[in-house]
2 protein chains.
Amino acid sequence: MEEDAPGAESLDRAFMALADPVRRAMVARLSRGDATVNELAEPFAITKQAVSKHIHVLEHAGLVTRSRDAQRRPVHLDAAALERLTAWIDQYRLIAESRFRQLDQLLGASVSHHDQENTPAKKKEELK
Amino acid sequence: MEEDAPGAESLDRAFMALADPVRRAMVARLSRGDATVNELAEPFAITKQAVSKHIHVLEHAGLVTRSRDAQRRPVHLDAAALERLTAWIDQYRLIAESRFRQLDQLLGASVSHHDQENTPAKKKEELK
DNA sequence: CTCTTAATCAACCAAACAGTTGATCAATGA
DNA sequence: TCATTGATCAACTGTTTGGTTGATTAAGAG
């Protein structure tokens, strides 16, 4: 079911990973420095195994990497992966906002901009 | 199971919504202008009902809004919602990157920066 | 060698999700 | 009024996910 552009799977996994509040809290924690499974587990009322799974999800999504330090396997946040996500979102946000501004101007510049901004032709379509 | 900050549910739904390639394609399409269910369904080999559900997911996530135009219910992309997502991501990305730069300096500035950057104390923890 | 700590593997379960078909509602347009 | 088009509601199904318990591997510390 992937009729999308290449790299879609990676985005799938990355957004899915961030869709969970536990995993987002882990990202927040990791932004301040690497941490182990046990450290990441502490704030949550779930088992260590569940945490391990969450980390695996983040890792498989490319958002974190792991290394080795004796028995510990510290988890490390990959900032570049986060940047790829914002890049995807901004790509479309900026297009939409530019349409927004165009129409604002076109409407005399003093309109409350909470109206429909597009809905272009009554017939069929014009965009491309 | 929400021991996260307030607003977490909204982020849950927004990231979850973007975790699907079909919905991402819809966002891409909508960035160029509002569209109806049928228009959004066209590129995909799924039923109209499935598309309707996808749109409902995007709507419930706050990423799109809907209006009325005769029998049509055009879908409209909310750029501000996208911005809230990038804001969340950037918040932590920037923290991580600042740590990154700090350590780069600290290590003499000519080190391959693919090493562990934190792993602070061998004893227990130092961060706060 | 044995005990403890860190983490994972494996099997299992309940809830949620994506998609389907079939029926229905709502607003036109003939 | 009645047929048509756009979209949704409702019920059902197969798959995935998030969590659990229990057993196991790996690396030190005594």
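Excluded from the calculations below are hydrogen atoms, water molecules and symmetry mates; all remaining heavy atoms, backbone and side chain alike, are included.
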Engineer: Does C:dA27 have its OP1 or OP2 closer than 4.0 Å to a side-chain nitrogen or oxygen of B:Arg68?
Structural biologist: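 Result: yes.
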
Engineer: Nearest 0.5 Å please: distance from the CD atom of B:Glu97 over to the CG atom of B:Asp90.
Structural biologist: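 Taking CD in B:Glu97 and CG in B:Asp90, the distance rounds to 8.5 Å.
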
Engineer: Atom NE2 of A:His60 to atom C1' of D:dG18: distance rounded to whole Å?
Structural biologist: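 It is 17 Å, rounded to the nearest whole Å.
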
Engineer: Rounding to an integer number of Å, can you tell me how far B:Asp20 CG sits from C:dC17 C1'?
Structural biologist: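 My rounded result for the distance is 10 Å.
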
Engineer: Establish, with yes or no, whether the OP1 or OP2 oxygen of C:dG19 is under 4.0 angstrom from a side-chain nitrogen or oxygen of B:Thr47.
Structural biologist: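 For C:dG19, OP1/OP2 do not have a side-chain N/O of B:Thr47 under 4.0 Å.
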
Engineer: Assess whether side chain to side chain contact (heavy atoms under 4.5 Å, CB included) is satisfied between B:Met26 and B:Val75, documenting all intermediate values.
Structural biologist: CA-CA 10 Å; B:Met26 289 176 174; B:Val75 185; over 6 Å; no

Engineer: Quickly, which of B:His54, B:Gln49, B:Arg66 forms a side chain to side chain contact (heavy atoms under 4.5 Å, CB included) with B:Val37? Name it, please.
Structural biologist: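 So the option named by the test is B:Arg66.
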
Engineer: Provide, to the nearest angstrom, the distance between the CG atom belonging to A:Leu40 and the P atom belonging to C:dT8.
Structural biologist: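 The answer, rounded to whole Å, is 11 Å.
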
Engineer: Using whole Å, report how far CE of A:Met16 lies from C1' of C:dC17.
Structural biologist: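 The distance from CE of A:Met16 to C1' of C:dC17 comes to 9 Å, rounded to the nearest Å.
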
Engineer: I'd like to know whether B:Asp34 forms a side chain to side chain contact (heavy atoms under 4.5 Å, CB included) with A:Arg99, so could you lay out the CA-CA distance, the side-chain angles of the two residues, the decisive distance to 0.1 Å, and finally the verdict.
Structural biologist: CA-CA 11 Å; B:Asp34 298 7; A:Arg99 285 188 65 84; over 6 Å; no

Engineer: Test side chain to side chain contact (heavy atoms under 4.5 Å, CB included) on A:Trp88 and B:Val27 and set out the steps.
Structural biologist: CA-CA 11 Å; A:Trp88 188 92; B:Val27 167; 4.2 Å; yes

Engineer: Check the distance between D:dT17's P and A:Phe15's CZ and give it to me in whole angstrom.
Structural biologist: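 In whole Å, D:dT17 P lies 17 Å from A:Phe15 CZ.
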
Engineer: Looking at every non-hydrogen atom in both residues, tell me the closest pair between A:Arg29 and A:Ala35 and how far apart they are.
Structural biologist: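 Taking A:Arg29 first and A:Ala35 second, the nearest heavy atoms are NH1-CB, 3.6 Å.
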
Engineer: Of all the choices, C:dA11, C:dA7, C:dG22, which nucleotide is nearest to the side chain of A:Ser52 once you look at every atom?
Structural biologist: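 Out of C:dA11, C:dA7, C:dG22, the nucleotide with an atom closest to A:Ser52's side chain is C:dA7.
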
Engineer: Between N or O atoms, less than 3.5 Å apart, protein on one side and nucleotides 13-16 of chain D on the other: list the pairs.
Structural biologist:
none

Engineer: Can you pull every protein N or O that's under 3.5 Å from an N or O on nucleotides 3-6 of chain C?
Structural biologist:
none

Engineer: Name the closest nucleotide to the A:Lys53 side chain, picking from D:dA26, D:dG19, C:dA27.
Structural biologist: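 Side chain of A:Lys53 sits closest to D:dG19.
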
Engineer: How close do B:Leu85 and B:Ala14 get, heavy atom to heavy atom, and via which atoms?
Structural biologist: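 Answer, listing the atom of B:Leu85 first, then B:Ala14: CD2-CB, 3.6 Å.
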
Engineer: Let me know, please, whether B:Gln49 or B:Val57 comes out on the 5' side of the other along DNA chain C by nearest nucleotide.
Structural biologist: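 With B:Gln49 and B:Val57 compared, the 5'-side residue is B:Val57.
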
Engineer: If you look at every strand shown and take non-hydrogen atoms under 4.0 Å, does B:His54 touch a base, only sugar-phosphate, or nothing?
Structural biologist: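 Result for B:His54 = sugar-phosphate.
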
Engineer: Taking only the side-chain heavy atoms of B:Ala70 (C-beta and beyond), determine which of D:dT21, C:dA27, C:dT20 contains the nearest atom.
Structural biologist: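 Nearest to the side-chain atoms of B:Ala70, counting from C-beta on, is C:dA27.
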
Engineer: Give the rounded distance in Å between these two atoms: CD1 of A:Ile46 and P of C:dA7.
Structural biologist: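 In whole Å, C:dA7 P and A:Ile46 CD1 are 14 Å from each other.
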
Engineer: So among A:Val22, A:Ile46, A:Asn38, which one has a side chain to side chain contact (heavy atoms under 4.5 Å, CB included) with A:Val51?
Structural biologist: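 That would be A:Ile46.
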
Engineer: Starting from C1' on D:dG6, measure out to CD on B:Glu42 and report it in whole angstrom.
Structural biologist: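 From B:Glu42 CD to D:dG6 C1': 14 Å.
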
Engineer: Do B:Leu77 and B:Thr65 pass the side chain to side chain contact (heavy atoms under 4.5 Å, CB included) test, and can you show the C-alpha distance, the side-chain angles, and the key distance before you say yes or no?
Structural biologist: CA-CA 7 Å; B:Leu77 183 63; B:Thr65 57; over 6 Å; no

Engineer: Among B:Leu18, B:Leu40, B:Leu63, B:Val57, whose side chain to side chain contact (heavy atoms under 4.5 Å, CB included) with B:Arg23 holds?
Structural biologist: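 Per the side chain to side chain contact (heavy atoms under 4.5 Å, CB included) rule, the option paired with B:Arg23 is B:Val57, out of B:Leu18, B:Leu40, B:Leu63, B:Val57.
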
Engineer: Rounded to whole Å, how long is the line connecting atom CG of A:Asp12 with atom C1' of D:dT17?
Structural biologist: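 In whole Å, D:dT17 C1' and A:Asp12 CG are 15 Å from each other.
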
